[in-house]
Protein chains: 2
Amino acid sequence: MPRPAKHHPERGDARARLLEAARDVIRAKGFAATSVDDLCKAAGVTKGAFFHHFETKEALGVAAAAYWAETTSAFFENAPYRKLEDPLDRLFGYVEFRKAIIDGDPAEFTCLVGTMTQEVYGSHPAIRDACAASIFGHAATLEPDIAAAMAARGIEADWTPASLARHTQAVLQGAFILAKATGDRADALDSVDHLKRYLTLLFSTPRSKGNPHDGC
Amino acid sequence: MPRPAKHHPERGDARARLLEAARDVIRAKGFAATSVDDLCKAAGVTKGAFFHHFETKEALGVAAAAYWAETTSAFFENAPYRKLEDPLDRLFGYVEFRKAIIDGDPAEFTCLVGTMTQEVYGSHPAIRDACAASIFGHAATLEPDIAAAMAARGIEADWTPASLARHTQAVLQGAFILAKATGDRADALDSVDHLKRYLTLLFSTPRSKGNPHDGC
DNA sequence: ACAAACATACCAACCGTTCGGTATGTTTCA
DNA sequence: TGAAACATACCGAACGGTTGGTATGTTTGT
């Protein structure tokens with residue numbers, strides 16, 4: 001019987017395939033409910049490969065969050081709206097882009113790190129921290145455009161670019177929860193529309209007072 | 001040896017104690033990472049009691065979501081802001097009340113059903129549905145006040161009371177994610193402040209578009 | 001007496017992890 | 001040049017602890 005002379009072209013990418021499997025499976029089933037076997041099966045690798053690349057399951061969770069941060073970062077950097085000249089246009093372009101990628105099953109468009117953050121809060125602090133870095137790191141990329149848009153319009157606000165940037169993430173994360181609850185992406189889109197309306201109101205008011213509702 | 005003949009006041013409340021334990025532990029560790037033993041230990045009952053009251057662990061998850069819906073419903077119904085006469089005052093009173101109860105550790109003020117929704121999306125549809133009922137049921141309680149406030153101010157909007165009510169829940173859920181990510185409740189409060197500002201802008205804008213003015 | 005409300009003991013399946021081993025490059029140095 | 005030495009990538013059976021769940025006994029209120 002002749003030697004198969006097997007050359008494995010997929011050799012060397014077990015780690016990447018596991019991270020992609022983690023991204024997809026964990027978004028649907030959650031971190032704890034996803035077993036190592038589940039991940040290996042989804043990635044088409046063996047347990048040996050898994051524990052060659054990741055010391056523990058928790059380490060994979062941390063790596064998956066970091067992988068999510070990397071890939072999404074590149075994804076948004078190369079998005080077409082980034083080429084717009086006006087900072088405010090870029091901000092609204094971002095929101096529109098977020099709306100555009102809300103498509104298919106909720107498990108496909110929702111946020112891995114948002115999902116993991118809540119469930120691992122008390123059980124895997126290391127994963128939670130990696131998720132926090134991803135969320136707030138992404139939020140920070142919005143700050144320059146918000147700040148520039150404020151300056152261009154002479155807006156004096158009682159809110160900061162950072163707080164508004166984080167608020168956009170809060171709305172998106174909350175929108176994902178609603179969409180997962182019903183399985184209907186429309187529930188997410190509705191909320192993002194409210195976010196868009198909020199931004200419109202904020203940046204169409206010359207001197208944004210934003211006062212709390214104190215007894216009209 | 002004489003029989004203790006003691007009246008056990010805690011007897012008969014194993015179910016309630018398990019549901020309260022579930023509420024507290026699951027918010028910190030997630031549903032899947034919380035074992036039946038964890039719950040029994042936290043509730044001070046045995047496994048026999050657990051499976052006497054709940055057929056499966058999943059059934060407890062469903063019951064916990066229902067229990068959450070019941071208790072929170074009663075909690076908000078009896079809140080002081082509910083006694084305000086003006087619908088818009090009640091709406092802002094709700095937001096202020098939500099801010100007020102954001103205190104202590106994130107595991108104590110975040111939402112059980114919001115946490116569970118994401119992680120059980122693909123693994124326990126029954127729990128997810130119970131969570132959805134809780135979230136959207138609570139959102140629905142805001143609709144009458146929003147509708148009344150719109151009518152009182154003659155607001156013609158391209159959004160519905162239902163969509164705004166759901167948006168408030170999205171913001172709150174997203175705010176909880178941010179707070180759990182950092183462990184800092186201030187991150188949640190900031191986002192709720194943006195929600196408050198959005199509501200202020202919405203209800204201070206008369207029907208004429210494009211020329212919003214502040215205040216009453 | 002009887003059923004509901006527990007408690008105790010136990011089990012089989014599953015889980016994350018370990019580990020001895022193979023296959024395929026890569027570096028070293030005579 | 002080439003082959004020994006080393007490094008990396010991967011395999012998969014097996015292990016011990018944990019898990020959700022069960023079977024059965026005991027207490028309690030009516």
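Chain A is the first sequence line, chain B the second, and so forth, proteins listed ahead of strands; every chain is numbered from 1.
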Within this structure, what is the [atom1]-to-[atom2] distance between [X] and [N], rounded to whole angstrom?
X	N	atom1	atom2	result
A:Phe50	C:dC15	CZ	P	13 Å
B:Phe51	C:dA5	CZ	P	17 Å
A:Phe54	C:dT18	CZ	P	15 Å
A:Leu60	C:dG16	CG	C1'	12 Å
B:Glu58	D:dG20	CD	C1'	12 Å

### Message
Of the options D:dG21, C:dT17, C:dC6, whose atoms approach the side-chain atoms of B:Lys57 most closely?
### Response
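Given the options D:dG21, C:dT17, C:dC6, the side chain of B:Lys57 is closest to D:dG21.
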
### Task
Can you sort out which residues in residues 24-48 of chain B have a heavy atom within less than 4.0 Å of DNA chain D? Ascending by number, please.
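Going residue by residue through residues 24-48 of chain B, the ones with a heavy atom under 4.0 Å of DNA chain D turn out to be B:Thr34, B:Ser35, B:Val36, B:Lys47.
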
### Query
Is it true that A:Glu96 and A:Lys196 make a salt bridge, defined as a side-chain N closer than 4.0 Å to a carboxylate O?
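Yes.
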
### Query
Between A:Asp190 and B:Arg166, is there a side-chain N and carboxylate O pair less than 4.0 Å apart?
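A salt bridge is absent here (no side-chain N lies under 4.0 Å from a carboxylate O).
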
### Message
Tell me whether the rings of A:His194 and B:Tyr198 are parallel (<30°), tilted (30 to 60°) or perpendicular (>60°).
### Response
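If you compare the ring of A:His194 with that of B:Tyr198, the planes turn out perpendicular.
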
### Parallel, tilted or perpendicular: ring planes of A:Phe76 versus A:His138, cut at 30 and 60 degrees
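Rings of A:Phe76 and A:His138: tilted, 30 to 60°.
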
### Query
Quick one: is C:dC6 close enough that its OP1 or OP2 comes under 4.0 Å of any side-chain N or O from B:His53?
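Looking at the OP1 and OP2 atoms of C:dC6, one of them is under 4.0 Å from a side-chain N or O of B:His53.
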
### Message
With a cut-off of less than 4.0 Å, is there a side-chain N or O of B:His52 near OP1 or OP2 of C:dC6?
### Response
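No, because none of the side-chain N or O atoms of B:His52 sits under 4.0 Å from OP1 or OP2 of C:dC6.
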
### Query
Got a sec, which residues hit ring pair (Phe, Tyr, Trp, His ring centres under 6.0 Å) with A:Phe75, two or more places apart in sequence or on another chain?
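For A:Phe75, the residues satisfying ring pair (Phe, Tyr, Trp, His ring centres under 6.0 Å) (neighbours in sequence not counted) are A:Phe97.
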
### Query
For the residue pair B:Arg185 and B:Ile102, what are the closest heavy atoms and their distance?
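Closest heavy-atom pair between B:Arg185 and B:Ile102: NH1-O, 2.9 Å.
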
